[in-house]
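Let me begin by presenting the structure, written as structure tokens, before commenting on it.
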Amino acid sequence: MKQSQTILSAHLAHIDSKLEDVLLDEQVEPIDGPELETRELSIPNELHGERLDRALAVLLPEFSRSFSQQLLSEGCVSCVLPTPRVMNKASAKVRMGERYQLILRPTPQSQAFKPEDIPLQVIHEDEDLRVLFKPAGLVVHPAPGNWSGTLLNGLLALDPQAVMLPRAGIVHRLDKDTSGLMIVARTRRAMDALVAMIAEREVHREYLAVAYRKWSGTPVRDIVAAIGRDYRNRLRMAVVDLERLPGKEAHTTFACLSSQDEACLVQCTLHTGRTHQIRVHMAHFGHPLVGDSLYAGPMNMGIDRQALHAFRLSFDHPITGEALKFEAPLPDDMVHLLATLGLQRPD
């Protein structure tokens, strides 16, 4: 069977469970485009007894489990051996040796993983990984509303071998409007090791943030507060009570570096990696980020994105064990913001 040339999306359970920050809220809608693709799959021994939707997600690794479920619901999956029949039940159990035929309709999701010539600033590169500087405004991974022009598309153009890695080697993400340092794996062994390291909190990430209001309380604040989806606004995250609402524990350390009447400069150290973690924790204790329209409102003080920058990244190389540490200077918009507010970063 000819292999697809699109990127592996790694919906194997052992990867998915640790890549929560780059999961998509996928919507699969047919679009006008090229003719339909037909693909045949055979169930291997290791998938015997699995649910059909999960088996399809493993055998179609460039697509998600939700995409497989969509195919089933649209009658696009047929068993051809041993008994020909249309399959539409996601929970049906597959058996070794069964053969299936699928009709793949072009969708934004299925066409998203393509190389694009996007300038990427590489800070460090070796045979197993890269450290990149992501500018504000660059989306990390294709998703509804941003199916192209992402960091992932740029990685596929930078390194054609990235097509063989889950999500082109992306192991963590930054919000679209957050600037700073990111690690990207170049080999599968490095990716698996980095995913495990991030899960074990062995990759250390520090940020600089400019927040509204004069700093209150002790210079260093340690915030441990669970984060989940805001039930009042599904676009936002919020600090939640785990006894009443779903969420996950989140831990951030904040240190005030400079403070004036209008704003403060804060160094933020992540101990977990929840969606919007710094933004949510800062807003929770009264210091939402300057420019953060989602958690602070429309005031921006001269910056058109949240004032958050991933300035320091340190970890042991997943293959060689070498201690690595990188720093990225503040981008111009944040330098200008500090000067405008009279905030100073200590040397």
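Just the heavy atoms: all of them, side chains too, but no hydrogens, waters or symmetry mates, feed the values below.
Shortest non-hydrogen contact noted between Ala225 and Glu249 is C-OE1, 4.4 Å. Summarising the geometry of Arg205 relative to Gly273, their closest heavy-atom pair is NH2-CA, 4.0 Å, with the distance given to 0.1 Å. Summarising the geometry of Arg213 relative to Pro288, their closest heavy-atom pair is NH1-CD, 3.4 Å, with the distance given to 0.1 Å. Across all non-hydrogen atoms, the minimal contact from Ala55 to Ile43 is CB-CD1, 4.5 Å. The shortest non-hydrogen separation linking Val77 to Leu71 is CG2-CB, 3.9 Å. The two residues Met87 and Cys79 have their closest heavy-atom pair at CG-N, 3.8 Å.
Other residues, nucleotides and ligands contribute only 12 or fewer heavy atoms inside 6.0 Å of the CG atom of Asp304. Within 6.0 Å of the CD atom in Gln161, the count of heavy atoms belonging to other residues, nucleotides or ligands does not exceed 12. Arg95 CZ: 12 or fewer foreign heavy atoms inside a 6.0 Å radius. The 12-atom threshold is exceeded at CD of Gln260, counting heavy atoms of other residues, nucleotides or ligands nearer than 6.0 Å. Other residues, nucleotides and ligands contribute over 12 non-hydrogen atoms within 6.0 Å of the CD atom of Gln267. Within a 6.0 Å radius of NE2 in His317, other residues, nucleotides and ligands contribute more than 12 heavy atoms.
Although no hydrogens or angles enter the test, the distance criterion places no donor-acceptor pair under 3.5 Å between the side chain of Asp177 and the main chain of Ala136. Without hydrogens or angle criteria, Thr218 side chain to Val220 main chain gives a donor-acceptor distance under 3.5 Å. Although no hydrogens or angles enter the test, the distance criterion places no donor-acceptor pair under 3.5 Å between the side chain of Asp192 and the main chain of Arg189. The backbone N or O of Arg201 lies less than 3.5 Å from no partner atom in the side chain of His271, so there is not a single donor-acceptor pair. In this structure a side-chain-to-backbone donor-acceptor pair under 3.5 Å is present from His48 to Met96. Of the possible polar contacts, one joining the Tyr212 side chain to the Met299 backbone as a donor-acceptor pair under 3.5 Å is found. Judged purely by atom type and a 3.5 angstrom limit, Arg85 uses its side chain to pair as donor or acceptor with the backbone of Thr83.
The side-chain heavy atoms of Tyr207 and Thr252, taken from C-beta on, include no pair separated by under 4.5 Å. No side-chain heavy atom of Leu324 sits less than 4.5 Å from a side-chain heavy atom of Val131. Looking at heavy atoms from C-beta onward, Arg305 lies in side-chain contact with Asp333 at the 4.5 angstrom threshold. In this structure, the side chains of Leu294 and Gln306 stay at 4.5 Å or more apart for every pair of heavy atoms. Met182 has its side chain within reach of Leu174: a pair of non-hydrogen atoms, C-beta onward, lies under 4.5 Å apart. For the pair Leu156/Leu152, a side-chain contact is recorded, criterion being any heavy-atom separation below 4.5 Å from C-beta on. Residues Val210 and Met301 fail the side-chain proximity criterion, which asks for heavy atoms closer than 4.5 Å. Considering only heavy atoms from C-beta on, Arg130 comes within 4.5 Å of Leu158 through its side chain.
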Task: Full working for side-chain contact (heavy atoms from CB on, under 4.5 Å) between Leu52 and Lys89 - done: CA-CA 8 Å; Leu52 177 56; Lys89 191 174 181 180; over 6 Å; no
Open item on the list: Using side-chain contact (heavy atoms from CB on, under 4.5 Å), reason through His124 and Leu129 one step at a time and then give a plain yes or no.
Closed with: CA-CA 8 Å; His124 167 84; Leu129 60 85; 3.7 Å; yes
Task: Worked check of side-chain contact (heavy atoms from CB on, under 4.5 Å) between Asp126 and Ile319 - done: CA-CA 11 Å; Asp126 59 47; Ile319 306 303; over 6 Å; no
TODO: Go through the steps to decide whether Leu102 and Leu60 satisfy the test side-chain contact (heavy atoms from CB on, under 4.5 Å), and finish with yes or no.
DONE: CA-CA 10 Å; Leu102 290 78; Leu60 295 171; 3.4 Å; yes
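With no hydrogens or angles considered, a side-chain donor-acceptor pair links Thr272 and Gln277 at under 3.5 Å. Defined by atom type and a distance below 3.5 Å, a donor-acceptor pair is missing between the side-chain atoms of Glu127 and Thr187. Checked by atom type, the side-chain pair Thr269/His204 shows no donor-acceptor distance below 3.5 Å. When only modelled atom types and interatomic distance are considered, Ser179 and His309 share a side-chain donor-acceptor pair under 3.5 Å.
Leu56 and Leu47 fall within the same hydrophobic cluster, where Ile, Leu, Val, Met, Phe, Trp and Tyr residues are linked whenever their side-chain heavy atoms come under 4.5 Å apart, directly or through other members. When the side chains of ILVMFWY residues are joined at heavy-atom separations under 4.5 Å, either directly or via intervening members, Leu343 and Leu330 end up in a single hydrophobic cluster. With hydrophobic clusters built from ILVMFWY side chains whose heavy atoms lie under 4.5 angstrom apart, Val122 shares a cluster with Ile118. The hydrophobic clustering, which links ILVMFWY residues whose side-chain heavy atoms are closer than 4.5 Å, places Leu308 and Leu337 apart. Residues Leu194 and Leu181 are members of one and the same hydrophobic cluster, defined by side-chain heavy-atom contacts under 4.5 angstrom among Ile, Leu, Val, Met, Phe, Trp and Tyr.
Here the CZ atom belonging to Arg221 is positioned 5.5 Å from the OG atom belonging to Ser216, to the nearest 0.5 angstrom. Summarising the geometry, atom CG belonging to Asp53 is positioned 12.5 Å from atom CD belonging to Gln70; distances are rounded to the nearest 0.5 Å. One distance of note links CZ of Phe326 with CG of Leu313; it measures 7.0 Å at 0.5 Å rounding. Rounding to the nearest 0.5 angstrom, the gap separating the CZ atom in Arg39 from the SG atom in Cys76 is 13.0 Å. Atoms CD and CG, on Glu206 and Leu270 in that order, are 9.5 Å from each other to the nearest 0.5 Å. With rounding to the nearest 0.5 angstrom, the CG atom of Leu257 is 4.5 Å from the CG atom of Leu265.
Separation of the His287 and Phe254 ring centroids does not fall under the 6.0 Å cut-off.
For Asp230 and Arg236, the salt-bridge test passes: some basic side-chain N is under 4.0 Å from an acidic carboxylate O.
The side-chain contact (heavy atoms from CB on, under 4.5 Å) test with Arg274 singles out one residue from His251, Met237, Lys248, and that residue is Lys248. With Arg186 as the partner, the side-chain contact (heavy atoms from CB on, under 4.5 Å) test is satisfied by one option alone out of Asp128, Asp159, Leu155: Asp159.
In this structure, Arg345 is positioned above the aromatic face of Phe311, its NZ or CZ under 6.0 Å from the six-membered ring centre and within 45° of the axis.
Phe285 and Trp215 have perpendicular rings, their planes meeting at more than 60° on a 0 to 90° scale where under 30° would count as parallel. Between His141 and Phe113, the angle of the ring planes goes over 60°, which puts this pair in the perpendicular group of the 30/60° scheme.
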